[in-house]
Amino acid sequence: LEDALRELIQENPTHPYALSGLEKLSQAIEALKTLCEAEGYPLRGSLERNWLLPTGLGTARPTCLAPETMIAGDLRQPGKMLVVGFEGFPDFYPELIVDNLRSLGVAAQGIMLDLPSLDKQRFVTGRVLAERFDTLEFRTEVARELEQRMVGIGAERIGFPAVLGLRNPMQVKADLEQQLSLPVFEIPSLPSSIPGMRLHNLLVSAIEQNGGRVYDGMQALSAQAEGGRIQAVWSESAARQKAHRASRYILATGGILGGGVRVEAFEGAHETVFGLPLSDSVGGAVGVEPD
């Protein structure tokens, strides 16, 4: 992985990784790992080697950093997988995952659990399951059902959709492993992402503990600049504009779908808050021709 990054930097000197440099990139990774470890949601990995983790389609995804709740699913590790889904949860299909994993040479089998506690649930979403997994009663129900269904399968590790608790996934993982006597791991499924929510909550908490504030539901509109420096960023919420003043700003406005990039005929592409022009990988302006 580190060699690939060096090659990327050499071939793309204006890439953000090139501008930051490998040393600062490594420092940032370690800082994030330290923060997540302190908050009880450890990330594992380094620039030395990728994990090779299964996706919700059963494909293999190289990953530098992954939550500890996922790494027992590394496809380079031996051990037959049992992939577990839940009746009524439409975003995770064990048989599809298993078929694709087998095509990669991974020993796997899938089952669906039909749990009484979910029968009356009108919609079984990822968040519903995550909140249920936060309770000991639901984890015990899952473990008891699995123990009966696992007889004769010969599983050596168990993969669940990435919904093993919203508040304390490490405790959920440890409890399931104790009850099932096998390693347990999460497999990412369709949005909304429970691991993303965990990380979001963790980072918001860290910002607020360090004197910062996070505003949800506000759209960044424009920036005010004087003397070559940004003086304020304007946002809109509830039909009212508000100026946000700071000594430093981090630009993270996203892409086209999120509204952070606008593409217009003849004028090319630009970032929407600061009006910054965008270029493609070979240095040319990004644009579209009209029909």
Side-chain angles (χ1 to χ4, degrees), residues 12 14-20 24-25 28-29 31-32 35-36 39 41 43 56 64-65 67 90-91 123 125-131 162-163 166-167 188-281 283-291:
N12 301 273
T14 60
H15 192 281
Y17 289 168
L19 298 177
S20 64
K24 289 191 178 296
L25 182 59
I29 288 174
L32 178 61
L35 172 62
C36 290
E39 296 296 322
Y41 189 52
L43 299 181
C64 175
L65 290 182
D91 298 338
F123 298 107
T125 65
R127 179 143 195 163
V128 165
L129 285 172
E131 290 173 348
V163 295
L166 190 59
R167 296 191 302 270
S189 58
L190 295 174
S192 57
S193 168
I194 298 302
M197 292 181 189
R198 296 171 192 155
L199 192 57
H200 171 82
N201 293 339
L202 184 156
L203 293 174
V204 168
S205 176
I207 290 170
E208 292 176 343
Q209 289 174 19
N210 284 277
R213 296 184 65 183
V214 176
Y215 298 93
D216 288 323
M218 286 188 176
Q219 179 184 2
L221 299 175
S222 62
Q224 174 188 341
E226 294 179 11
R229 292 186 62 86
I230 300 299
Q231 301 298 318
V233 169
W234 287 85
S235 69
E236 183 174 32
S237 178
R240 183 175 70 90
Q241 293 190 5
K242 177 181 177 63
H244 303 271
R245 304 185 188 277
S247 58
R248 298 180 182 182
Y249 296 89
I250 298 174
L251 176 61
T253 44
I256 294 175
L257 292 179
V261 173
R262 182 178 294 127
V263 181
E264 298 175 351
F266 299 111
E267 296 182 8
H270 63 274
E271 186 276 330
T272 55
V273 175
F274 298 99
L276 300 173
L278 301 179
S279 298
D280 63 18
S281 60
V286 177
V288 292
E289 294 294 333
D291 292 335

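Here the structure is a predicted model, which means the values were calculated and not measured.
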Tell me every residue that passes salt bridge (charged side-chain N to carboxylate O under 4.0 Å, His left out) with E271, counting only those two or more places apart in sequence or in another chain. none
Atom pairs and distances, donor-acceptor, side-chain atoms in residues 204-211, under 3.5 Å, two or more places apart:
unit_1 : atom_1 : unit_2 : atom_2 : d
S205   : OG     : Q209   : NE2    : 2.9
N210   : ND2    : A206   : O      : 2.7

Restricting to ring pair (Phe, Tyr, Trp, His ring centres under 6.0 Å), what partner residues turn up for Y17, sequence neighbours left out? H15
Are any non-hydrogen side-chain atoms of F274 and T253 less than 4.5 angstrom apart? no
Least distance between heavy atoms, A232 atom then R245 atom: CB-NH1, 3.5 Å
Please find the pair of heavy atoms, one from G254 and one from V261, that lie closest to each other, and give the distance. O-CG2, 3.7 Å
Could you check if a side-chain atom of P195 sits within less than 4.5 angstrom of a side-chain atom of Y41, using non-hydrogen atoms only? yes
Looking only at heavy atoms, which two atoms of G126 and V163 are closest? And how far apart? O-CG1, 3.6 Å
Do you know which two heavy atoms are closest between C64 and I29, and how far apart they sit? SG-CD1, 4.4 Å
Heavy-atom pair with the smallest gap, counting every atom of P191 and D91: O-OD2, 4.3 Å
Pairwise side-chain contact, S193 with L199, heavy-atom cut-off 4.5 Å (strictly under): no
Under-4.0 Å salt bridge between R240 and E236: no
Any side-chain heavy-atom pair from M218 and Q241 closer than 4.5 angstrom? no
CG-CG distance between L129 and L166, expressed to the nearest 0.5 angstrom: 12.0 Å
State, with a plain yes or no, whether a side-chain heavy atom of M197 is found less than 4.5 Å away from one of S192. yes
Just do the side chain to side chain contact (heavy atoms under 4.5 Å, CB included) check on L221 and T272 with the steps written out, would you? CA-CA 7 Å; L221 299 175; T272 55; over 6 Å; no
How long is the gap from SG on C36 to CG on L43, to the nearest 0.5 Å? 4.0 Å
Across all chains, not counting sequence neighbours, the ring pair (Phe, Tyr, Trp, His ring centres under 6.0 Å) partners of Y215 are H244
Could you tell me if the side chain of V273 sits less than 4.5 Å from the side chain of S222, heavy atoms only? no
Of all residues at least two apart in sequence or in a different chain, which pass the ring pair (Phe, Tyr, Trp, His ring centres under 6.0 Å) check with H200? none
Under the salt bridge (charged side-chain N to carboxylate O under 4.0 Å, His left out) test, residues paired with R167 that sit two or more places apart: D134
Considering only heavy atoms from C-beta outward, does the side chain of L276 approach that of L251 to under 4.5 Å? yes
A side-chain contact here means heavy atoms from C-beta on lying under 4.5 Å apart; do Q224 and W234 qualify? yes
Can you name the nearest heavy-atom pair linking A162 to P188, along with the distance? CB-CA, 4.0 Å
